[in-house]
Each structure stands twice: as C-alpha cells, then as structure tokens.
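Please read the structure below before turning to the comments.
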Amino acid sequence: MAELIVEHVSKRYSTPAEDLVVLEDIQLHLASGDRAAIIGPSGCGKSTLLHILGALDPPTTGKVTLDGTDPFSLSPDKLAHFRNDRIGFVFQDHHLLPQLTVLENVLVPALAKGRPSTDTISRAKHLIERVGLSHRESHLPSELSGGERGRTAVARALLHQPALVLADEPTGNLDPENAQRIFELLLDIPKSENSILIVVTHSHDLARLVEKCYRIEKGRLGVADLS
C-alpha cells in the first residue's frame, strides 16, 4: 500500500533583500487509492510543491516520505532510480521525445535500466491499448493530436506501476473534450494501479471530480471549498 507523508515542508529562496517564502509548513497525508487536486492562483507554489513531492527539488525545511523512504536522503544515483521506479509524471507539455514512436516514448522510463524486457514491452503495449492508441503505436509525436500526445504521456507515467502519479496542468493546452478525456484517464489510475494521484489544475470543474481538493494560498496548503 502506497503512502505519502509530507511533514512541515517549506521552500524559501534567498534574494538580496530577504528570503522569498514560496511554501510554508505544508502538511499532507495520502494513501493508495487517494485522488487529490491542488488549485490556486498562478505563482502560488503549486508546481514547486509538485517538484518537491516528485523528488525533483528538495524542501528548505521539513520532510517528505513515500512508502517510508525519504528520497532526499538517498545518494544521487539511488534518488534517480527511486524517482524513476516509484513516481510517474504527466506534464502540461508532455515532453515526448520527437524522434521516438509512441511505443518507444512509453518505454523511455525503462531505458535507464538498459534494454526493456519482454514483460516491460508487453506492459507498454497494454498501456497504449488502454489509453486507446494501439493504432498509433508506431507514430511519432508530430503525427499525433494534442490529446493523443497527452494520452501517450499518461501511459508513459504508468510504465513502472508507480506509487505516486503527479500531473502538472496536464490538460492546460487541450480543448475541453480532450481535457475531459485525459482527466478521466488520470482519475482511473488510483483504482486500477493502486497508487496515489495528485493533479495540479486551474480548472475548478476538474478539481470537483476528485475526493480531496486543496488550495495553496500565501504559501500555505488548506482544504479547498469548491461549493
């Protein structure tokens, strides 16, 4: 069972005048099956928090543990492996490699371990089928629509059955129909993959579709009221 614990996390940046406080005393506890959204105005620290949760950027103070492991206590090599194995990312711009096909892009997380195994390739094909892109498996990103690129990114994030899936404005560049489809795919993840899903979004309509919604305001995380 996956478990994410965030204890008294803050993030500050030094400036010539004074420290810039982006996040202050963030606390959060989520477990397998939880679906959470984080909302707030631009520049409030939503992406900064996601980068900390995804072990991309350490907090100034406080602690983050995923399945009992503090990723920032690991050596750089072990941290990279932990992030690759235990955390899946879906970004607004998708970050697909233009020279690779859909199948090859979904397999990218496995390349850190060398040649993908037969089982890994089978899982990649299964995920591509699940997101409705079997007919696009050999296509390059330039041959895909925005929605299809988004679905490819979702499949890639799930390759290693991560404990935590983080999505940063995954529907921000999509039309309403494709945005809804991508969000529905994401919402199925906690149930089908037994993982935790955290989505940063500006859309209150999408945020209402999850059970837990938080707002960052003045650097602090609180429960959001979307009624």
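Values below: all heavy atoms of this structure, side chains included; hydrogens, waters and symmetry mates excluded.
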Exercise for review: Using a 4.5 Å cut-off on heavy atoms from C-beta on, say whether the side chain of Pro190 contacts that of Ile196.
Suggested key: no
Exercise for review: Indicate yes or no for a side-chain donor-acceptor contact from Arg83 to the backbone of Ala55 under 3.5 Å, with no hydrogens or angles considered.
Suggested key: yes
Exercise for review: Show the numbers, then the answer: is there a side chain to side chain donor-acceptor pair (under 3.5 Å) between Ser47 and Asp168?
Suggested key: CA-CA 7 Å; Ser47 293; Asp168 193 358; 3.0 Å; yes
**Study point:** Side-chain heavy-atom pair Asp19, Tyr13 within 4.5 angstrom cut-off
**Key:** no
Practice item. Look only at the side chain of Arg35 and the backbone of Val210, and say whether a donor-acceptor pair between them is shorter than 3.5 Å. Key: no
Point to revise | Nearest-0.5 Å distance that lies between atom CD in Gln180 and atom CG in Leu206 | key: 6.5 Å
Practice item. Ignoring hydrogens and angles, tell me if any N or O in the side chain of Glu137 forms a donor-acceptor pair with the backbone of Ser134 under 3.5 Å. Key: no
Exercise for review: Can you spot which of Leu221, Val64, Thr61 makes a side-chain contact (heavy atoms from CB on, under 4.5 Å) with Val9?
Suggested key: Val64
Point to revise | Student check: side-chain heavy atoms of Val6 and His29 closer than 4.5 Å | key: no
Practice item. Look up atom CG in Leu100 and atom CG in Leu111, then write down how far apart they are to the nearest 0.5 Å. Key: 8.0 Å
**Study point:** Inter-residue atom distance Leu158.CG - Ser195.OG, 0.5 Å rounding
**Key:** 7.0 Å
Check your understanding: Under the 3.5 angstrom rule, does the side chain of Glu104 hit a backbone N or O of Thr101 as a donor-acceptor pair?
Key -> yes
Review point. Is there a donor-acceptor pair under 3.5 Å between the side chain of Ser32 and the backbone N or O of Met1?
Key: no
Review point. Taking C-beta and beyond as the side chain, do Thr69 and Lys78 meet within less than 4.5 Å on heavy atoms?
Key: no
Practice item. Show your reasoning for whether salt bridge (charged side-chain N to carboxylate O under 4.0 Å, His left out) applies to Asp225 and Arg215. Key: CA-CA 9 Å; Asp225 181 7; Arg215 180 190 300 275; over 6 Å; no
Point to revise | Lys63/His8 under side chain to side chain contact (heavy atoms under 4.5 Å, CB included): CA gap, chis, key distance, verdict | key: CA-CA 7 Å; Lys63 187 175 181 181; His8 305 292; over 6 Å; no
Practice item. Look up atom CG in Leu107 and atom NZ in Lys125, then write down how far apart they are to the nearest 0.5 Å. Key: 8.5 Å
Review point. Less than 4.5 Å apart, any side-chain heavy atom of Leu127 and any of Arg130?
Key: yes
Practice item. Spell out, as yes or no, whether a donor-acceptor pair under 3.5 Å connects the side chain of Glu169 to the backbone of His202. Key: yes
Review point. Counting distance only, does the side-chain N/O of Arg208 pair as donor-acceptor with the main-chain N or O of Leu226 below 3.5 Å?
Key: yes
Point to revise | Worked check of side chain to side chain contact (heavy atoms under 4.5 Å, CB included) between Asn84 and His160 | key: CA-CA 8 Å; Asn84 189 47; His160 285 155; 3.5 Å; yes
Point to revise | Over 12 non-hydrogen atoms of neighbours within 6.0 angstrom of CD in Glu211 | key: yes
Point to revise | same_hphob_cluster(Val200, Val90) at 4.5 Å side-chain heavy-atom cutoff | key: no
Revision key, fill the gap. Note: Leu166 and Ile87 closest approach over all heavy atoms is CD1-CG2, 4.0 Å
Exercise for review: Using a 4.5 Å cut-off on heavy atoms from C-beta on, say whether the side chain of Ile198 contacts that of Leu4.
Suggested key: yes
Exercise for review: Anything under 30° is parallel, anything over 60° is perpendicular, the rest tilted; go ahead and classify Phe91 against Phe89.
Suggested key: parallel
Check your understanding: Is there a donor-acceptor contact under 3.5 Å from the side chain of Asp34 to the main chain of Leu30?
Key -> no
Review point. Which atoms form the tightest heavy-atom contact between Leu209 and Phe183, and what is the distance?
Key: CD1-CD2, 4.0 Å
Check your understanding: Between Glu24 and Arg12, is there a side-chain N and carboxylate O pair less than 4.0 Å apart?
Key -> yes
Check your understanding: Which atoms form the tightest heavy-atom contact between Ala207 and Thr201, and what is the distance?
Key -> CB-CG2, 4.2 Å
Check your understanding: Do NZ/NE/NH1/NH2 and the carboxylate oxygens of Arg86 and Glu3 come within less than 4.0 Å?
Key -> no
Review point. Is it the case that one hydrophobic cluster holds both Leu187 and Ile38, taking links as side-chain heavy atoms less than 4.5 Å apart, direct or via other members?
Key: no
**Study point:** Note, Ser203 side chain near Thr171 side chain (heavy atom, < 4.5 Å)
**Key:** no
Check your understanding: Is Leu74 reachable from Leu164 through a run of hydrophobic residues whose side-chain heavy atoms are each under 4.5 Å from the next?
Key -> yes
Exercise for review: Of all the heavy-atom pairs spanning Leu96 and Pro141, show the shortest one and how long it is.
Suggested key: CB-CG, 3.9 Å
Exercise for review: Consider only side-chain heavy atoms of I, L, V, M, F, W and Y, link residues closer than 4.5 Å, and tell whether Phe82 and Leu159 are in one cluster.
Suggested key: no
Review point. Nearest heavy-atom pair of Gly219 and Ile26: which atoms, and what distance?
Key: O-CD1, 3.5 Å
Exercise for review: Answer yes or no: is there a donor N or O on one side and an acceptor on the other, between the side chain of Lys46 and the main chain of Pro41, under 3.5 Å?
Suggested key: yes
Review point. Rounded to the nearest 0.5 Å, how far does CZ of Arg151 lie from CG of Leu144?
Key: 9.0 Å
Exercise for review: Begin from the C-alpha positions of Glu193 and Arg123 and carry the test salt bridge (charged side-chain N to carboxylate O under 4.0 Å, His left out) through to its verdict.
Suggested key: CA-CA 12 Å; Glu193 299 289 327; Arg123 175 161 172 80; 2.8 Å; yes
Exercise for review: Run the numbers on Val106 and Ile128 for side chain to side chain contact (heavy atoms under 4.5 Å, CB included), then give the verdict.
Suggested key: CA-CA 8 Å; Val106 173; Ile128 291 169; 3.9 Å; yes
Exercise for review: In sequence, state the C-alpha distance, the side-chain angles, and the governing distance for Leu103 and Ser138, and then conclude on side chain to side chain contact (heavy atoms under 4.5 Å, CB included).
Suggested key: CA-CA 7 Å; Leu103 176 59; Ser138 61; over 6 Å; no
Point to revise | Distance in Å, Leu174 CG paired with Gln92 CD, rounded so as to fall on 0.5 Å steps | key: 8.5 Å
Practice item. Determine whether Leu49 and Leu197 fall in the same hydrophobic cluster, where Ile, Leu, Val, Met, Phe, Trp and Tyr are linked whenever their side-chain heavy atoms lie under 4.5 Å apart. Key: no
Point to revise | Minimal non-hydrogen separation, Gly150 against Ile182, with atom names | key: C-CD1, 3.5 Å
Point to revise | Contact check, side chains of Pro170 and Leu186, non-hydrogen atoms, under 4.5 Å | key: yes
Review point. Donor-acceptor pair, Thr120 side chain versus Pro116 backbone, under 3.5 Å?
Key: no
